[in-house]
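Below, each value reflects all heavy atoms present in this structure, side chains not excepted, and no hydrogens, waters or symmetry copies.
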Amino acid sequence: MNRTTVTYPCSCEKKGEDDSPLVKKGFCQVSNGNGTQSGNGTQSGNSPEQWPVYEEGCMEKVQSWLQENLGIILGVCVGVAVIELLGMLLSICLCRNVHSEDYSKVPKY
């Protein structure tokens with residue numbers, strides 16, 4: 001891209017509690033320390049450490065959440081599996097106990 005300003009994806013921007021809930025799209029410009037937009041890539045906004053973006057990626061966050069909640073996830077999976085197996089066993093018992101009746105001997109009205 002032929003840009004003279006330093007930009008970053010707006011979806012990576014850290015949101016504060018007082019920020020608007022509207023989602024920005026595209027690329028945002030890095031602002032200088034005094035609140036103005038950075039003019040070119042050689043100014044102080046060129047350092048990624050100073051950008052207002054999340055420093056930890058989504059993959060690391062998801063992996064840590066899965067590791068923290070692994071016991072709950074496994075418990076729910078085992079619970080669902082036990083309920084399904086119980087349903088299968090009960091349906092097999094029902095099928096074995098259903099007998100076909102001989103309706104030829106029933107008087108017709």
Side-chain angles (χ1 to χ4, degrees):
M1 298 187 333
N2 295 327
R3 293 183 188 236
T4 59
T5 58
V6 177
T7 58
Y8 60 90
C10 291
S11 61
C12 297
E13 187 174 25
K14 278 188 190 176
K15 300 287 182 198
E17 290 150 10
D18 56 342
D19 286 343
S20 169
L22 298 175
V23 177
K24 295 179 185 176
K25 295 181 180 178
F27 290 91
C28 295
Q29 289 184 347
V30 175
S31 61
N32 291 337
N34 58 6
T36 61
Q37 300 294 326
S38 170
N40 62 20
T42 59
Q43 291 184 354
S44 64
N46 200 15
S47 174
E49 292 82 22
Q50 297 174 353
W51 296 354
V53 295
Y54 293 106
E55 295 176 9
E56 187 178 10
C58 295
M59 190 170 78
E60 290 86 7
K61 292 262 187 190
V62 170
Q63 284 178 346
S64 67
W65 183 86
L66 283 173
Q67 294 216 344
E68 290 171 5
N69 298 306
L70 188 61
I72 296 170
I73 294 169
L74 287 177
V76 168
C77 290
V78 168
V80 169
V82 166
I83 291 172
E84 287 188 10
L85 286 173
L86 185 63
M88 287 173 51
L89 287 174
L90 290 174
S91 66
I92 290 171
C93 291
L94 179 65
C95 289
R96 294 182 88 190
N97 289 328
V98 171
H99 300 289
S100 61
E101 298 293 331
D102 186 16
Y103 290 106
S104 63
K105 299 176 183 171
V106 176
K108 297 179 181 173
Y109 295 99

Would you be so kind as to tabulate the donor-acceptor pairs closer than 3.5 Å made by side chains of residues 87-95, with sequence neighbours excluded?
residue : atom : partner : partner atom : Å
S91     : OG   : G87     : O            : 3.3
S91     : OG   : M88     : O            : 2.7

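Residue-environment remark: CD (E60) exceeds the threshold of 12 foreign heavy atoms within 6.0 Å.
Of the inter-residue distances, the one linking W65 atom CH2 with I73 atom CD1 reads 4.5 Å to the nearest 0.5 angstrom.
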Practice problem: Decide yes or no on side chain to side chain contact (heavy atoms under 4.5 Å, CB included) for V80 and I83, but give the supporting numbers first. | Solution: CA-CA 5 Å; V80 169; I83 291 172; 5.8 Å; no

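The two residues F27 and P9 come nearest to each other via the heavy atoms CD2-N, 3.8 Å.
Annotation: salt bridge (Lys or Arg N to Asp or Glu O under 4.0 Å) contacts involving residues 75-93, sequence neighbours excluded, are absent.
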